[in-house]
Protein chains: 2
Amino acid sequence: MASIKDVAAEAGVSVATVSRVLNDHPSVSAEARARVLAAVETLGYRPNAVARSLRTAQTHTLGLVISDVMNPYFTELARSVEEEARALGYSVIIGNADERPDLQDHHVRNLLDRRIDGLLVSPTDGGSPLMLDAVRAGTPMVFVDRWIPGVDVPVVRADGQGAVRDLVAHLHGLGHRRLAIIAGPAATTTGRERVEAFREALGAYGLELPDAYIGQGDFQADSGRRVTEGFLDLPEPPEVVFAADNLMALGALDAVRARGLRVPDDLALAAFDDIRWFVHTDPPITAIAQPTGELGRAAVRALVDRIEGRPGESVTLPARLVVRRSCGEPPASAEPSPATNRSQS
Amino acid sequence: MASIKDVAAEAGVSVATVSRVLNDHPSVSAEARARVLAAVETLGYRPNAVARSLRTAQTHTLGLVISDVMNPYFTELARSVEEEARALGYSVIIGNADERPDLQDHHVRNLLDRRIDGLLVSPTDGGSPLMLDAVRAGTPMVFVDRWIPGVDVPVVRADGQGAVRDLVAHLHGLGHRRLAIIAGPAATTTGRERVEAFREALGAYGLELPDAYIGQGDFQADSGRRVTEGFLDLPEPPEVVFAADNLMALGALDAVRARGLRVPDDLALAAFDDIRWFVHTDPPITAIAQPTGELGRAAVRALVDRIEGRPGESVTLPARLVVRRSCGEPPASAEPSPATNRSQS
DNA sequence: CGCAGTCGTGTAATCGATTCCATGACGATC
DNA sequence: GATCGTCATGGAATCGATTACACGACTGCG
């Protein structure tokens with residue numbers, strides 16, 4: 001593979017001149033520039049990003065450590081992150097933590113070793129020493145979706161409180177009184193917050209959220225199945241299950257189906273995070289939709305701001321309720337088109 | 001950030017000794033080793049992967065250029081690729097081509113500039129000059145899922161022919177005679193092959209595949225919707241639509257639903273690529289399942305073989321039919337459990 | 001006791017870029 | 001015509017690692 005020296009030799013100039021042409025520095029004669037460009041062309045030369053990064057101490061790369069790529073919500077987040085980053089001249093390296101703190105640390109370490117310019121994290125736990133060290137060392141960082149309390153890092157996330165209130169209003173209106181939730185890991189902010197928002201919304205209707213109706217999940221389908229089975233085995237099972245993410249909703253659906261029961265007749269179901277397939281499930285699933293693409297883009301902008309020395313601020317966007325049929329009688333009118341979901345709030 | 005020089009100074013040895021300790025080279029005294037490790041500890045030193053890569057001309061990184069991350073099939077592929085690569089001591093950088101040749105080239109160029117050790121590609125088109133140049137230049141490469149004919153690169157893929165035959169047998173047995181397909185782009189091997197396999201399987205039953213029953217899709221949901229609408233507008237619409245990937249099946253479902261029609265009564269539906277949600281759609285969708293995880297792992301092994309100087313061979317694994325209810329009367333027995341899908345062949 | 005071989009260590013070259021500094025040519029100004 | 005500034009260019013240092021080579025100390029053997 002041709003190096004800058006080869007180009008310099010071919011063009012009959014010094015490496016300094018080649019470098020200047022490549023970085024279009026003003027003081028290069030038109031003639032030298034032409035000769036260099038011709039040499040670049042004939043040799044098929046491409047600058048070595050590794051060498052360049054060593055010298056400039058910049059990689060123009062962002063790290064994205066995500067809780068679980070197989071979760072469509074995070075897949076979409078990753079996609080929007082990459083798009084916005086590309087638009088701003090950065091590449092993205094994704095690390096999939098699979099909801100495992102050890103894997104998360106592995107990826108953070110790997111990304112730091114590669115000297116990425118900044119880190120976007122959706123933390124799987126309450127903050128490992130490694131992550132806290134990275135923050136202390138001044139690594140530009142932004143949290144997205146989930147965050148670690150008490151750490152001075154901008155957070156870009158959706159606020160589900162209003163939507164959860166809308167959901168509970170909807171459920172209450174359908175006559176449901178025994179409402180249960182499949183929570184995410186207590187170590188995550190979203191795991192805790194969604195339970196709190198739910199409890200608070202129930203309180204407004206004078207309803208309780210007993211411990212037996214709080215199932216401990218881990219944001220994976222299997223835990224949704226397991227928790228739902230537990231709910232169904234209760235002497236007084238809930239009438240509604242609210243899954244704190246879409247994968248646990250899938251598991252809940254599996255569990256209900258395995259018992260030969262039906263949604264919503266035997267058990268109503270709602271989920272946090274809307275995905276395209278929810279329109280076509282049996283029945284279509286009522287969900288709380290996050291502005292995922294906008295979150296990803298805002299997170300990248302905040303991170304790049306930090307990297308380039310600007311403040312980089314936190315952003316909170318509202319989530320919204322999308323009513324379908326999984327909680328009971330269909331809404332007044334069907335969704336106008338399969339492509340767009342109707343919001344009720 | 002501390003460098004190897006700082007460690008050397010702290011430990012009172014030369015940088016060479018530090019490097020030897022770090023790469024556990026045999027000839028270092030126990031005492032020097034201890035002092036170096038202590039210094040590494042107190043400084044929180046981590047080797048700079050950029051500098052190391054420059055010197056060793058190895059990045060221990062694989063590039064994965066994938067057609068579309070939002071497609072669950074590719075998401076799963078990416079996940080298994082990363083897992084196997086990690087097990088073999090490599091990291092993976094993913095580039096999402098979004099089915100766009102220009103984006104694909106962008107990512108290939110970017111990865112090449114970063115001097116990745118090898119490239120895993122699921123080509124979106126018939127092979128850009130850039131990609132062909134990379135092959136010619138000797139970049140270790142392996143194609144996965146799709147490939148470019150006439151290029152000497154190992155291919156790891158699933159063979160769907162048997163499963164497509166099984167599917168057509170199933171459809172024929174249900175009494176369907178007018179079968180249509182939503183094809184993928186003709187520039188991709190999977191786009192062409194699936195049509196050919198379908199045509200051939202139909203032939204075995206004396207059935208034709210008229211041009212009107214071949215819809216041109218692009219592996220994205222919108223095209224599935226558009227093509228299905230076209231089919232439904234035909235004077236003699238097909239009885240079955242076979243979508244060449246799961247996203248186009250989603251689009252087909254949208255289209256059928258928008259007309260107020262039902263699957264399978266008004267139009268039967270089958271898809272290439274099985275995903276977890278197909279169990280819970282209305283109705284559950286009959287699909288051809290690829291051994292996705294095994295494909296990803298095999299592809300990484302082949303690529304790493306190439307990188308480390310071993311041959312690196314092509315692998316073809318069989319896909320299998322998973323019968324559900326989207327084509328007509330349910331199979332003899334229901335799926336035994338939601339977690340495992342029953343194969344019929 | 002002397003010589004060869006082994007072992008631990010340091011010096012310095014190297015990877016491929018960027019960039020500071022020096023130099024020479026040339027034009028403008030007084 | 002001397003002086004100064006600008007411009008194009010090249011030489012060399014530098015980033016942070018790895019590694020070939022040299023060297024001194026020590027061991028073992030004849």
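Lettering of chains follows the sequences in order, A, B, ..., and the numbering in each one begins at 1.
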Between [N] ([atom2]) and [X] ([atom1]): distance, integer Å:
{"X": "B/Met1", "N": "D/dC15", "atom1": "CE", "atom2": "C1'", "answer": "15 Å"}
{"X": "A/His25", "N": "C/dC20", "atom1": "NE2", "atom2": "C1'", "answer": "11 Å"}
{"X": "A/Gln58", "N": "D/dC15", "atom1": "CD", "atom2": "C1'", "answer": "13 Å"}
{"X": "A/Arg115", "N": "D/dC15", "atom1": "CZ", "atom2": "C1'", "answer": "12 Å"}
{"X": "A/Leu22", "N": "C/dG16", "atom1": "CG", "atom2": "P", "answer": "15 Å"}
{"X": "A/Lys5", "N": "C/dC15", "atom1": "NZ", "atom2": "C1'", "answer": "8 Å"}

(request) Would you kindly say whether B/Asn48 and B/Arg52 are connected by a side-chain donor-acceptor distance under 3.5 Å? (result)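 Not at all, the side chains of B/Asn48 and B/Arg52 share no donor-acceptor pair under 3.5 Å.
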(message) With the threshold set at under 4.0 Å for non-hydrogen atoms, list the residues of residues 31-54 of chain A touching DNA chain D in residue-number order.
(response)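 A/Ala32, A/Leu54, in order of number.
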(message) Once you apply a heavy-atom cut-off of 4.0 Å, does A/Ser3 come out as touching a base, just sugar-phosphate, or nothing?
(response)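 If one applies the 4.0 Å heavy-atom cut-off, A/Ser3 turns out to touch the sugar-phosphate alone, with no base involved.
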(message) Counting the atoms with a prime plus P, OP1 and OP2 as sugar-phosphate, which does B/Val13 contact under 4.0 Å by heavy atoms, base, sugar-phosphate, or nothing?
(response)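 Counting heavy atoms under 4.0 Å across all strands, the contact made by B/Val13 is with sugar-phosphate only.
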Kindly say if [X] contacts the phosphate of [N], meaning a side-chain N or O under 4.0 Å from OP1 or OP2.
{"X": "A/Thr17", "N": "D/dA8", "result": "no"}
{"X": "B/Ser27", "N": "C/dT9", "result": "no"}
{"X": "B/Ser19", "N": "D/dT18", "result": "yes"}

(request) Could you tell me whether the side chain of A/Ser19 and the main chain of A/Val15 form a donor-acceptor pair under 3.5 Å? (result)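 Pair absent, no side-chain N/O of A/Ser19 close to backbone of A/Val15.
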(message) Nearest 0.5 Å, please: how far is CD1 in A/Ile94 from CZ in A/Arg79?
(response)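 Going from CZ on A/Arg79 over to CD1 on A/Ile94, the span is 12.0 Å.
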(message) Salt bridge check, A/Asp102 against A/Arg100: does any charged N sit closer than 4.0 Å to a carboxylate O?
(response)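 Salt bridge: yes.
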(message) side chain to side chain donor-acceptor pair (under 3.5 Å), that's the test. Do A/Arg146 and A/Ser67 meet it? Break it down for me.
(response) CA-CA 9 Å; A/Arg146 310 176 184 176; A/Ser67 318; 3.2 Å; yes
When you compare the protein's N or O atoms with those of nucleotides 12-14 of chain D, which come within less than 3.5 Å of each other, and at what distance?
unit_1, atom_1, unit_2, atom_2, d
D/dT14, O2, A/Arg55, NH1, 2.8

(message) Can you confirm whether A/Glu313 is buried at CD, in the sense that more than 12 heavy atoms of other residues, nucleotides or ligands lie under 6.0 Å from that atom?
(response)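 Atom CD in A/Glu313 is not packed in, count stays at 12 or less.
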(request) Going by the salt bridge (Lys or Arg N to Asp or Glu O under 4.0 Å) test, name the single residue among B/Glu84, B/Glu83, B/Glu82 that passes it with B/Arg86. (result)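 When salt bridge (Lys or Arg N to Asp or Glu O under 4.0 Å) is applied between B/Arg86 and each of B/Glu84, B/Glu83, B/Glu82, only B/Glu82 qualifies.
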(message) Set out, in order, the CA-CA distance, both residues' side-chain angles and the distance that settles side chain to side chain contact (heavy atoms under 4.5 Å, CB included) for A/Ile307 and A/Tyr90, then state yes or no.
(response) CA-CA 11 Å; A/Ile307 290 172; A/Tyr90 287 81; 3.7 Å; yes
(message) Is it the case that the base of C/dG10 and the side chain of B/Arg20 share a donor-acceptor contact (distance under 3.5 Å, atom types as modelled)?
(response)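 Indeed there is one.
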(request) Check step by step if side chain to side chain donor-acceptor pair (under 3.5 Å) holds for B/Thr61 and A/Arg114. (result) CA-CA 11 Å; B/Thr61 304; A/Arg114 286 167 184 275; 2.7 Å; yes
